[in-house]
Amino acid sequence: MIPFHILKTRPAPPTSLNADLSPAFDAIVLRDLEKAPDDRYQTMDEFQAALAELVESGQVRAMSTAQIADTVALLCFTFCFLQIVSRAT
């Protein structure tokens with residue numbers, strides 16, 4: 001049941017969990033979680049560039065190194081998981 005839910009349900013934007021986040025961050029995360037592989041970032045370099053552009057724009061608050069590491073690790077896990085799931089379907 002969980003894999004079906006993951007494949008068929010659009011995730012909530014991060015701002016629904018933390019209103020302090022930028023809507024631009026929502027756009028990056030939700031693009032990375034798109035169901036169709038072609039709609040996601042195609043490489044980690046592309047994903048990292050989008051995050052770097054967001055940081056450079058000043059639309060995100062400063063985070064500690066540990067918070068950045070945790071966030072990047074979670075996003076990388078999600079990216080890899082979606083790549084595996086999309087190949088299995």
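Predicted model only: the values in this text are computed from it and were never measured.
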Colleague: Please give me the minimum heavy-atom distance between Pro14 and Asp26, naming the atom from each residue.
Modeller: CD-OD1, 2.8 Å
Colleague: Could you report the tightest heavy-atom contact between Leu54 and Ser22, atom names first, then the distance?
Modeller: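 Closest approach of Leu54 to Ser22, heavy atoms only: CD1-OG, 4.2 Å.
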Colleague: Can you measure from CZ (Arg10) to NZ (Lys35) and round to the nearest 0.5 angstrom?
Modeller: 8.5 Å
Colleague: What pair of heavy atoms forms the shortest contact from Ser16 to Pro13, and how long is it?
Modeller: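 The pair with the smallest heavy-atom distance is OG-O, 2.7 Å.
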Colleague: Look up atom CG in Leu51 and atom CD in Glu46, then write down how far apart they are to the nearest 0.5 Å.
Modeller: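 The CD atom of Glu46 is 11.0 Å from CG of Leu51, to the nearest 0.5 Å.
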Colleague: Let me check something: do Val55 and Leu30 share a hydrophobic cluster, defined by ILVMFWY side-chain heavy atoms less than 4.5 Å apart, either directly or through other members?
Modeller: no
Colleague: Output yes when a side-chain donor or acceptor of Arg40 lies under 3.5 Å from a complementary backbone atom of Arg31, and no otherwise.
Modeller: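 Here the side-chain-to-backbone pair does not exist.
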Colleague: Could you tell me the separation between the CG atom of Asp39 and the CG atom of Leu33, rounded to the nearest 0.5 Å?
Modeller: 12.0 Å
Colleague: Look only at the side chain of Gln42 and the backbone of Pro37, and say whether a donor-acceptor pair between them is shorter than 3.5 Å.
Modeller: yes
Colleague: Output the distance between atom CD1 (Ile28) and atom CZ (Phe47), rounded to the nearest 0.5 Å.
Modeller: 7.5 Å
